[in-house]
Amino acid sequence: MKVTVVGAGAVGASCAEYIAIKDFASEVVLLDIKEGYAEGKAMDLMQTASLNGFDTKITGTTGDYSKTAGSDIAVITSGIPRKPGMTREELIGINAGIVKTVSSSLIEHSPNAIIIVVSNPMDTMTYLVHKTTDLPKNRIIGMGGALDSARFKYRLAEALGAPISDVDGMVIGGHSDKGMVPLTRLATRNSVPVSEFISNDRLEQVAADTKVGGATLTKLLGTSAWYAPGAAVSGLVQAIACDQKKIFPCSTLLEGEYGLNDLCIGTPVVLGRNGIEKIVEIELSDAEKAKLAESAEGVKKTNGLLEL
Ligand code: NAI
């Protein structure tokens, strides 16, 4: 199993590290345009192999796509991250150009690869890959909901005073501060609805904190986060590589599901060796449907900024 990660920055390197530590891939290739950067990150990570006990071979290259040839999975993290006070949507001008060239170079060398898009604004970048390549929809996956759901579970556990492993919850919708739809009604603690343990007001606060999860970290760090994004990407890569058939909320092209068309937005999907093997349509309440529709409007507005 060969995995390429384009962009050896904060998220790309963290993602490569988690993939290596989980030890399911034979090879991870890091590619960056900054001279020597990917090679340096790869060498540093390889020097953790004996310490962390993995056999995955990590190599780096400055822009040589022939080194990525025959990749089974390719992750796109190249582009600029937001600074404090910025929205993800403001990154579109620079990142759209990068994602378009990177995806076409990746496919030229790995025509069978499954592409995972991470660069922001992620739902729009995922849509851009659909619009500018011939890949079937099951092989284009946007990562956002897996991260947002992890942040939701963190906030839920905090509010409940419960261990995170006892808590379950999912965030669907667009990967933006306004567009996320944390499904509070379906969140559980050991299969019991969380509303049994905390007030509705507290639950609404959990949802609000989840939605600004990325912005909160950007303010603290001065740039956007990387550990949880990297771990979230590695989870998707592992589900595909190991054919796990796990369900994650991912950005995928909708063609009528949830009453939505012609956009990529976060919905639960089954991930296996063929990428997105099924879009799962869960029964939403009227209020949740309205929030998802509003989120879709926001994503479509950002998609409208693309020069296609
Ligand atoms: P970073 O600045 O640390 O790394 C980006 C890397 O991309 C840099 O090393 C840069 O040299 C490289 N790069 C730029 N243009 C390139 C090109 N044409 N080819 C190859 N490499 C290129 O940024 P960071 O923090 O790793 O974030 C990367 C992207 O991921 C940002 O757009 C950020 O907003 C997004 N992100 C998305 C998340 C999600 O949940 N979807 C979560 C966190 C970040």
Side-chain angles (χ1 to χ4, degrees), residues 4-18 29-42 60-65 67-68 74-84 86-106 109 115-129 141-152 171 173-177 179-180 210-211 213-218 221-237 248-252 264-266 299 302:
T4 286
V5 179
V6 180
V11 176
S14 157
C15 156
E17 181 179 13
Y18 285 117
V29 180
L30 274 170
L31 183 148
D32 205 285
I33 41 162
K34 236 186 279 175
E35 188 66 43
Y37 196 58
E39 289 89 332
K41 289 277 183 110
T61 171
T62 305
D64 181 358
Y65 278 87
K67 302 269 173 62
T68 71
V75 180
I76 304 180
T77 75
S78 46
I80 50 164
R82 58 180 170 159
K83 296 278 172 228
M86 282 176 87
T87 66
R88 295 175 178 89
E89 290 71 23
E90 287 173 67
L91 307 173
I92 191 169
I94 294 176
N95 287 358
I98 294 174
V99 169
K100 197 172 163 187
T101 19
V102 165
S103 54
S104 107
S105 307
L106 279 171
H109 292 84
I115 308 263
I116 299 178
V117 182
V118 182
S119 309
N120 275 315
M122 181 279 296
D123 298 291
T124 296
M125 295 301 108
T126 309
Y127 183 73
L128 175 69
V129 176
I141 304 165
M143 195 296 290
L147 169 65
D148 302 332
S149 299
R151 288 177 171 158
F152 185 34
V171 178
H175 179 61
S176 66
D177 298 0
M180 285 178 216
T210 301
K211 291 169 78 167
T216 304
L217 283 164
T218 303
L221 297 167
T223 185
S224 70
W226 55 89
Y227 293 121
V233 179
S234 76
L236 305 195
V237 172
F248 294 90
C250 290
S251 193
T252 182
C264 294
I265 194 165
V299 171
T302 310

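Every number for a ligand or one of its atoms is a count from 1 in the order of the listing.
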Exercise. When you look at Ser103 and Ile76, which way does the side chain to side chain contact (heavy atoms under 4.5 Å, CB included) test go after all the steps?
Worked result: CA-CA 8 Å; Ser103 54; Ile76 304 180; 4.0 Å; yes
Exercise. Which ligand 1 atoms are under 4.0 Å away from a heavy-atom of Leu147?
Worked result: 40 (O), 42 (C)
Problem set entry | Per-atom contacts, ligand 1 versus Pro229 - under 4.0 Å to a heavy atom | 42 (C), 43 (C)
Exercise. For atom 28 (C) of ligand 1, which protein heavy atom lies nearest, and how many Å away is it?
Worked result: Thr77 O, 3.0 Å
Problem set entry | Lys41 (side chain) donor-acceptor with Ala8 (main chain) under 3.5 angstrom | yes
For this session: Examine Thr223 against ligand 1 and note whether any of their N/O atoms are separated by less than 3.5 Å.
Result: no
Exercise. What distance separates Thr77 OG1 from Ile116 CD1, expressed to the nearest 0.5 Å?
Worked result: 11.5 Å
Problem set entry | Proximal candidate to atom 20 (C) of ligand 1 [heavy atom criterion; set Val233, Leu221, Val11, Ile33] | Ile33
Exercise. If we only count N/O pairs under 3.5 Å, is Ala8 in contact with ligand 1?
Worked result: no
Exercise. What do you reckon, does Met143 have a nitrogen or oxygen under 3.5 Å from a nitrogen or oxygen of ligand 1?
Worked result: yes
For this session: Test Asp177 against every option in Arg88, Arg151, Lys211 by the salt bridge (charged side-chain N to carboxylate O under 4.0 Å, His left out) rule and name the one that passes.
Result: Arg88
Exercise. What's the spacing between Phe248 CZ and Ile141 CD1 if we round to 0.5 Å?
Worked result: 10.0 Å
Exercise. Side chain or backbone of Val6 under 4.0 Å from ligand 1, or both, or neither, by non-hydrogen atoms?
Worked result: side chain
Exercise. Can you list the atoms of ligand 1 that are under 4.0 Å from a heavy atom of Leu91?
Worked result: 34 (O)
Problem set entry | Derivation of the side chain to side chain contact (heavy atoms under 4.5 Å, CB included) call for Thr223 and Lys83 | CA-CA 5 Å; Thr223 185; Lys83 296 278 172 228; 4.1 Å; yes
For this session: Could you tell me whether Ala10 approaches ligand 1 through its side chain, its backbone, both or neither, with non-hydrogen atoms closer than 4.0 Å?
Result: both
Exercise. For atom 23 (O) of ligand 1, which candidate among Pro81, Gly9, Gly63, Ala146 holds the nearest heavy atom?
Worked result: Pro81
Exercise. Less than 3.5 Å between some nitrogen or oxygen of Asn95 and one of ligand 1, yes or no?
Worked result: yes
Exercise. Quick check: does any side chain N or O of Thr4 sit under 3.5 Å from a backbone N or O of Ala74, one acting as donor and the other as acceptor?
Worked result: no
Exercise. Is it the side chain, the backbone, both or neither of Asn120 that has a heavy atom closer than 4.0 Å to ligand 1?
Worked result: both
Kindly list each side-chain donor-acceptor pair under 3.5 angstrom involving residues 91-98, sequence neighbours excluded, with atom names and distances?
unit_1, atom_1, unit_2, atom_2, d
Asn95, OD1, Ile80, N, 2.8
Asn95, ND2, Ile80, O, 3.1
Asn95, ND2, Asn120, O, 2.8

For this session: For side chain to side chain contact (heavy atoms under 4.5 Å, CB included), just list the numbers for His175 and Ser251, CA-CA rounded to whole Å, side-chain angles, deciding distance to a tenth of an Å, and then say yes or no.
Result: CA-CA 8 Å; His175 179 61; Ser251 193; over 6 Å; no
Exercise. Side chain, backbone, both or neither: which part of Ile80 comes within less than 4.0 Å of ligand 1 when only heavy atoms are counted?
Worked result: backbone
Seminar exercise, completed: Of Val118, Thr101, Asp32, Asp148, the residue with the heavy atom nearest atom 37 (C) of ligand 1 is Val118
Problem set entry | Under 3.5 Å donor-acceptor, Asp32 side chain and Ala38 backbone | no
Exercise. Could you give the distance from OH (Tyr65) to CG (Leu106), rounded to the nearest 0.5 Å?
Worked result: 5.0 Å
Exercise. Is there any N or O on His175 that sits under 3.5 Å from an N or O of ligand 1?
Worked result: yes
Exercise. For ligand 1, is Tyr37 a contact, meaning one of its heavy atoms is under 4.0 Å away?
Worked result: yes
